[in-house]
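As structure tokens, the structure follows; a few thoughts come after it.
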2 protein chains.
Amino acid sequence: MTSLSDEIEEFIKRMLEETSGRLEIRRQRLAARFSCAPSQINYVLETRFTTDRGYAVESRRGGSGFIRIIKFSLGGPGRALEFLSDRIGDSVAQREAQALIERLAEDGCLSPREAALMRAAVDREALLVDLPYRDRIRASLLKRMLVAVLSCPPARGEQE
Amino acid sequence: MTSLSDEIEEFIKRMLEETSGRLEIRRQRLAARFSCAPSQINYVLETRFTTDRGYAVESRRGGSGFIRIIKFSLGGPGRALEFLSDRIGDSVAQREAQALIERLAEDGCLSPREAALMRAAVDREALLVDLPYRDRIRASLLKRMLVAVLSCPPARGEQE
DNA sequence: TAGGTAAAGGTCAGGGATGGTCAAACCATG
DNA sequence: CATGGTTTGACCATCCCTGACCTTTACCTA
């Protein structure tokens, strides 16, 4: 069930944790380690280490080239709210919504239960209506839920 | 008479018991095992593994795709969930929803943040559509959020 | 300094492998 | 024989992975 891309993603994330969010790799070396085409690495980076998910990827070609991966933190609930309200427009696809929720959870702005709750709410099955209205309702819900939860003090012993 | 769908249902449920409520399958493999069309599997999932019955189904397409089936324990805090999913019909007014959330919060089944989150979600302003659809969406949201949150273990130092 | 070369990484289209959807056919039951 | 749950097949959407070809950079050599 777990694809090569998933494995590479996990590998990179583990490395990132050990290096406190900043990492430089050689594309070819990594590809060799997983016995795959070098472009596979790009695929993984493009699909899993996107800006939405809080990563920045830079690179340099040529001799002594590299790929640098940086994980950004949202910097606490206050900033998160500010950041997110800019990003969410009048319409949001399920994928985007889930990426945002995932990121907030990883950053400790949401408890696992809060994240589960929000994931359930933005699921297309829950919204019952067709596009394009569904995406509008999702955007509305997401914004309101975020404001509600992020401006409410976390329970003791939770997020920080 | 037991239909093929019934057999597949039984099979999946047995598997779920052996794997403590979480299971990943290949649609094609399962279809092959029962010598039926792959879409038969979807039919079984749609008709028998619904949210109302306490199941969640996720999936991924493409290479190394899968279908994941999760069984929620309906015997959460005070067996509230079992009671509630019966009690919430296809349509719920904002007033009822809020009363329900309030009640759960007072009973300690929901943290203040979780309650705030849910209140925001069932607010008529958030749902954007007119009656009677609004009340339907609210019912759907409410049930799904409750299943999600109540079958997720509470954080330490929270609810009890 | 100019030019060449080797050594990175980037792009993109395409093929294969899954699962999803939907309408029509099928069939058991009252 | 009407109804509603089953079952199927045709067609669609998504995801993974690769290989051929392109661009950029460092460094060496004349």
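Numbered from 1 within each chain, the chains take letters A, B, ... in sequence-line order.
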_Without decimals, in angstroms, what is the distance between Phe34(A) CZ and dT18(D) P?_
12 Å
*Integer-rounded Å distance: dG9(C) P and Arg29(A) CZ*: 10 Å
_Are there over 12 heavy-atom neighbours, none belonging to Glu24(A), within less than 6.0 Å of that residue's CD?_
yes
*Whole Å only: how far is the CG atom of Leu45(B) from the C1' atom of dG20(C)?*
11 Å
*Look at Glu102(A) together with Arg119(A) and state whether they make a salt bridge at an N to O cut-off of under 4.0 Å.*
yes
*State whether the distance check finds a donor on one side and an acceptor on the other, under 3.5 Å, for side chain Arg26(A) versus base dG9(C).*
no
*Describe the nucleic acid contact of Arg95(A) in one word from base, sugar-phosphate, nothing, applying a heavy-atom distance below 4.0 Å.*
sugar-phosphate
*asked:* For Arg48(A), I'd like to know if atom CZ has over 12 heavy atoms of other residues, nucleotides or ligands within 6.0 Å.
replied: yes
*Is there a donor-acceptor pair closer than 3.5 Å between any side-chain N or O of Asp107(A) and the backbone N or O of Cys109(A)?*
no
*Over how many whole Å does the gap from Glu9(A) atom CD to dC16(D) atom C1' extend?*
13 Å
*Arg87(A) with Asp52(A): basic N within carboxylate O range, under 4.0 Å*: yes
*Rounded to whole angstrom units, what separation is found between the CD atom of Gln28(B) and the C1' atom of dG20(C)?*
12 Å
*Could you tell me the separation between the CD atom of Glu24(B) and the P atom of dG19(C), rounded to a whole number of Å?*
11 Å
*Does any donor atom in the side chain of Ser39(A) or Asn42(A) lie under 3.5 Å from an acceptor atom in the other side chain?*
no
*Arg136(A)-Ser91(A) side chain donor-acceptor pair, cut-off 3.5 Å*: no
*With a non-hydrogen cut-off below 4.0 angstrom, is Ile41(A) in contact with a base, only sugar-phosphate, or nothing?*
nothing
_How would you summarise protein contacts on nucleotides 25-30 of chain D per nucleotide, using B for base, S for sugar-phosphate only and - for none, with heavy-atom distances below 4.0 Å?_
BS----
*Nucleotide by nucleotide, 5' to 3', does protein get under 4.0 Å of the base (B), only the sugar-phosphate (S), or neither (-) in nucleotides 3-8 of chain D, counting heavy atoms?*
--SBBB
*Check the distance between dG9(D)'s C1' and Asn42(B)'s CG and give it to me in whole angstrom.*
13 Å
*Return yes if some donor-acceptor pair links the side-chain N/O of Arg124(A) with the main-chain N/O of Gln94(A) below 3.5 Å, else return no.*
no
*Nucleotide dA13(D), atom P - distance to CG of Leu131(A) in whole Å*: 13 Å
_Pair Val122(A), Met145(A) - check side-chain contact (heavy atoms from CB on, under 4.5 Å), show working._
CA-CA 10 Å; Val122(A) 300; Met145(A) 288 193 295; 4.2 Å; yes
